[in-house]
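Contents: one structure, followed by commentary.
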Number of protein chains: 2
Amino acid sequence: MSNQGIEAFDSKVCGVCGDIALGYNFNAVTCESCKAFFRRNALKVKTFHCPFQEKCNLTAVTRRFCQKCRLEKCFLIGMKKELILSPEEKEIKRRKIMANKSVESKPCCDLIRNETKIDSATAQTNFNHFSFTYSLPNTITSIIYKAVELEFEPCSVTRTSVSNELTSTELERLDELINANEDFFAPISIETLLVGHIKDIITLTAIAVRRLIKMSKLISAFKNMCQDDQMALLKGGCTELMILRSVMTYDPNKNTWKIPYSKKEIKDLKIDVLKEAKSNIYDEHQQFLRTFNEEWRTNQNIMLLLSAIILFSPERPKIIHRDVVKLEQNSYYYLLRRYLESIYPGCKARSTFLKLIQKVSELHQINENHIKFFLDFNPHDIEPLLIEIFDLKMH
Amino acid sequence: MSNQGIEAFDSKVCGVCGDIALGYNFNAVTCESCKAFFRRNALKVKTFHCPFQEKCNLTAVTRRFCQKCRLEKCFLIGMKKELILSPEEKEIKRRKIMANKSVESKPCCDLIRNETKIDSATAQTNFNHFSFTYSLPNTITSIIYKAVELEFEPCSVTRTSVSNELTSTELERLDELINANEDFFAPISIETLLVGHIKDIITLTAIAVRRLIKMSKLISAFKNMCQDDQMALLKGGCTELMILRSVMTYDPNKNTWKIPYSKKEIKDLKIDVLKEAKSNIYDEHQQFLRTFNEEWRTNQNIMLLLSAIILFSPERPKIIHRDVVKLEQNSYYYLLRRYLESIYPGCKARSTFLKLIQKVSELHQINENHIKFFLDFNPHDIEPLLIEIFDLKMH
DNA sequence: CGCTGTTCACATAGTTCA
DNA sequence: TGAACTATGTGAACAGCG
Ligand SMILES: [Zn+2]
Ligand SMILES: [Zn+2]
Ligand SMILES: [Zn+2]
Ligand SMILES: [Zn+2]
């Protein structure tokens, strides 16, 4: 690809695949190939299938391997198929061009040109009388234009005050998350004792999972789902949600997690405990933590929206109403985008949104390995709840 | 052919002053100067006065003598001030350009580029497992994005969804539709005679269109729109509305439409008559009919709400107050969602909502790609009817 | 032969300056 | 005011790949 331009342009990167972008295409910054791809496929009725798990990471190299995920990402970053010209519009455009062409080929007839000269001559006669008629709106057209203007005025006034503030509907939705989250970070001391060992992870996970379920049930979109789907979402999303949570309490200086041990005391849990695991999850996890921008980590709203996005992942196994889950997830993606626009200037909002999407994608990747983490333990050491959630009963 | 040449030449002449034109500007073929003139003056509130009799002959020479007549003519030949970028839009555009400029000068931060490189490496590992997960249909995916927008876009009614029961205001709105619809399915025998031929479609369409217009005028939201928009909505929507209507009377067993011929007698019209049409409109239409779930087809409330949604389509050509139309449409979308929630459990309501939106979209596609093209059903055909109903005097 | 990605043509916005 | 200009974002078309 034309990737050699190492002097990467922050705002000139394709939102889909990361290749070099020239500008906006169908309402999002994309490379030329993704533009063509979108034009060719966005309107197709045929459904693509992902050869993997519907979470392909898209790059200039990998983009062509999975049409499903590519198209999905196109929509996710805001490409709009309405901006693709319909056959009808194309036809109109084609005719216009043809008309132009045929004109240029014929250096012909100044018939009309002559006419205009005549017009200008007759017009001169108009100048003979110089009366000042008051311009009453007597033609139908002027009545219409006036009516239009009158009706448009108040409309456009309210329109111009388009700020990026969240609307009440949007705020409501965000507040719901904040409320649901309220006692997620309550002290845990009563419930348990940490020993600075990898088993702490299991202990903490158990607590967190319990709180997570409680929290989910406070989200109306979740509560309205059928029982089967609720269970499937929790099972499928648990690990990822835990990892995301761990980002929130991560202390990059000490390389520890801050655990609210009691009301006063905050205890540090070294993330080194992950090294004890047999599978190699330490590096991956730490990489994820370290690359998680401080600015995002510490913004509760962002983290909550990400949590919701991850909770409502339609690609989890055994989901029945995938369309509904995806709808909810997209609502939260939309909210995230809107929230970012409300706190950052347009340009930064957009790039942050793209980076956060990227983070969600990375999280999906990590999940694969982490899920095996618990398999290394003796089932007797693990609470029944975790066994149920993580489907560990196979041993 | 030579005719075209002249027409083509015509198209290179400014519609306002007859000067040489380069192409379309603000929706009409004009010269550069009229383009600039329009941009500068079309949005001004101040009214110009004609120094003559408001019938100035505009030429390349005289055009600058009378702003009043020049602007008038601009509108007359179809120039649209909506196409002038608002200050806000200009600002956005300016920013985009600035961003581009600054990017080219600064060979900065290859942060994202680096990340994507890592990604492409990890993505490779994905190829190890090759499972085939179930994918959502392509069509639904893009519908979901639309649904999200619908959820957060403003609408003309207040959204207070405490319970799933419809509020009294919502019920009122629905009742209005039911009342307006009342005599849509009245017998038609007095008016005409069916011959079992494709001409029947045309006959029936004429009757239906007339009723449709009557019905529309009973909807207060419609009545309150300006007359231009009323006409534009009907012109643009009647085909789709007719097709939707045909769904209501479709009999899937006999593959016929039930036509209320007289009070007692219901006559079947085989939909095979469509085969006589030029193109694959038969297949398209039948496909649409067959995939229209029985449960929705037979629910009058759903069908009426869909009708309203289709009627208030802001993307019709020549709409002036698109915002207003959109607002009304959103309200009906919202009402549909609320209605579904009142009759179905959460998951099913949401899912049905999506599928209905999809139907609306399909209908639009059928109209765009097939009817307009192949059947040559020119919306102008209903012009006489519209004029009759609106009692417009055209001169 | 269908999908991909590059390169090009074109229409039509705004901008600038005499 | 208007001629000359730039910028943006559409589609078309072609060449290469599998
Ligand atoms: Zn791309
Ligand atoms: Zn994929
Ligand atoms: Zn002109
Ligand atoms: Zn005049």
Side-chain angles (χ1 to χ4, degrees), chain A residues 1-3 11-12 14 16-17 19-44 46 48 58-68 70-71 79-101 103-104, chain B residues 11-12 14 16-17 19-43 58 60-67 70-71 79-101 103-104:
Chain A
M1 296 327 98
S2 37
N3 240 341
S11 66
K12 297 257 264 183
C14 173
V16 179
C17 70
D19 203 351
I20 291 171
L22 289 182
Y24 280 75
N25 294 113
F26 307 104
N27 198 44
V29 178
T30 72
C31 66
E32 287 297 291
S33 71
C34 287
K35 160 189 156 190
F37 174 81
F38 187 76
R39 189 181 46 243
R40 284 167 180 148
N41 298 300
L43 292 176
K44 277 192 186 154
K46 181 188 152 201
F48 297 123
L58 294 161
T59 70
V61 183
T62 60
R63 64 190 176 201
R64 86 181 72 94
F65 298 143
C66 178
Q67 296 170 306
K68 172 79 183 171
R70 190 181 190 183
L71 189 55
M79 294 180 85
K80 294 191 177 170
K81 68 172 186 201
E82 298 83 41
L83 296 181
I84 301 172
L85 271 56
S86 70
E88 199 197 346
E89 291 167 313
K90 270 190 218 165
E91 180 61 20
I92 291 170
K93 201 173 177 181
R94 207 179 56 80
R95 288 221 180 112
K96 273 186 190 173
I97 294 175
M98 290 303 281
N100 263 351
K101 284 266 169 75
V103 157
E104 256 142 53
Chain B
S11 73
K12 292 276 266 184
C14 174
V16 178
C17 71
D19 203 352
I20 295 172
L22 289 181
Y24 281 76
N25 293 112
F26 307 104
N27 199 43
V29 178
T30 72
C31 66
E32 286 296 290
S33 69
C34 289
K35 162 188 159 188
F37 172 80
F38 187 77
R39 187 181 45 247
R40 283 168 181 146
N41 299 300
L43 292 176
L58 294 160
V61 183
T62 62
R63 63 190 177 203
R64 86 180 76 88
F65 298 142
C66 177
Q67 295 171 305
R70 191 181 190 181
L71 189 55
M79 293 181 85
K80 292 187 180 172
K81 66 178 181 193
E82 292 80 20
L83 294 181
I84 300 172
L85 270 55
S86 69
E88 199 193 328
E89 290 168 312
K90 269 190 211 167
E91 183 57 27
I92 290 171
K93 202 169 181 183
R94 187 193 307 276
R95 288 233 177 100
K96 273 185 192 172
I97 295 175
M98 291 302 282
N100 262 351
K101 287 262 167 77
V103 153
E104 257 141 50

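Sequence lines set the chain letters: A, B, ... in the order given, protein chains first and strands last, and positions in each chain run from 1. Computed over heavy atoms, backbone and side chain alike; hydrogens, waters and symmetry mates excluded.
Distance CZ/A:R70 to SG/A:C17: 6.5 Å, rounded to 0.5 Å. Going from atom CG of B:N25 over to atom SG of B:C34 covers 9.5 Å, rounded to the nearest 0.5 Å. Annotation: the span from A:T30 atom OG1 to A:M79 atom CE amounts to 4.5 Å, rounded to 0.5 Å.
Looking at heavy-atom distances under 4.0 Å, A:N25 makes contact with a base. When heavy atoms are screened at a 4.0 angstrom cut-off, A:K90 is found touching the sugar-phosphate backbone but no base atom. Nucleic acid contact for B:E89: none, since no nucleic acid atom lies under 4.0 Å from a heavy atom of the residue.
Between A:R40 atom CZ and C:dG5 atom C1' the separation is 7 Å, expressed in whole Å. Rounded to whole angstrom, the span from the CZ atom of A:R39 across to the P atom of C:dG5 amounts to 13 Å. Residue A:L85 contributes atom CG, which lies 9 Å from atom P of D:dT10 at whole-angstrom precision. A straight line from CD of B:E32 to P of C:dA18 spans 19 Å, rounded to a whole angstrom. Look at CZ on B:F38: it is 14 Å from P on C:dT12, rounded to the nearest Å. Across the protein-nucleic acid pair, B:K35 atom NZ and C:dT16 atom P stand 14 Å apart, rounded to whole Å. Following rounding to the nearest Å, A:F65 (CZ) and C:dC3 (P) show an atom-to-atom distance of 17 Å. Rounded to whole angstrom, the span from the CD atom of B:E82 across to the P atom of C:dA13 amounts to 12 Å.
With distances taken from any side-chain atom of A:R64 to the nucleotides D:dG9, C:dT12, C:dT4, the minimum falls on C:dT4.
Within 3.5 Å, no donor on the side chain of A:R63 pairs with an acceptor on the base of C:dG5, nor the reverse.
Annotation: cation-pi geometry not satisfied between A:R63 and A:F37 (NZ/CZ under 6.0 angstrom from ring centroid, within 45° of ring axis).
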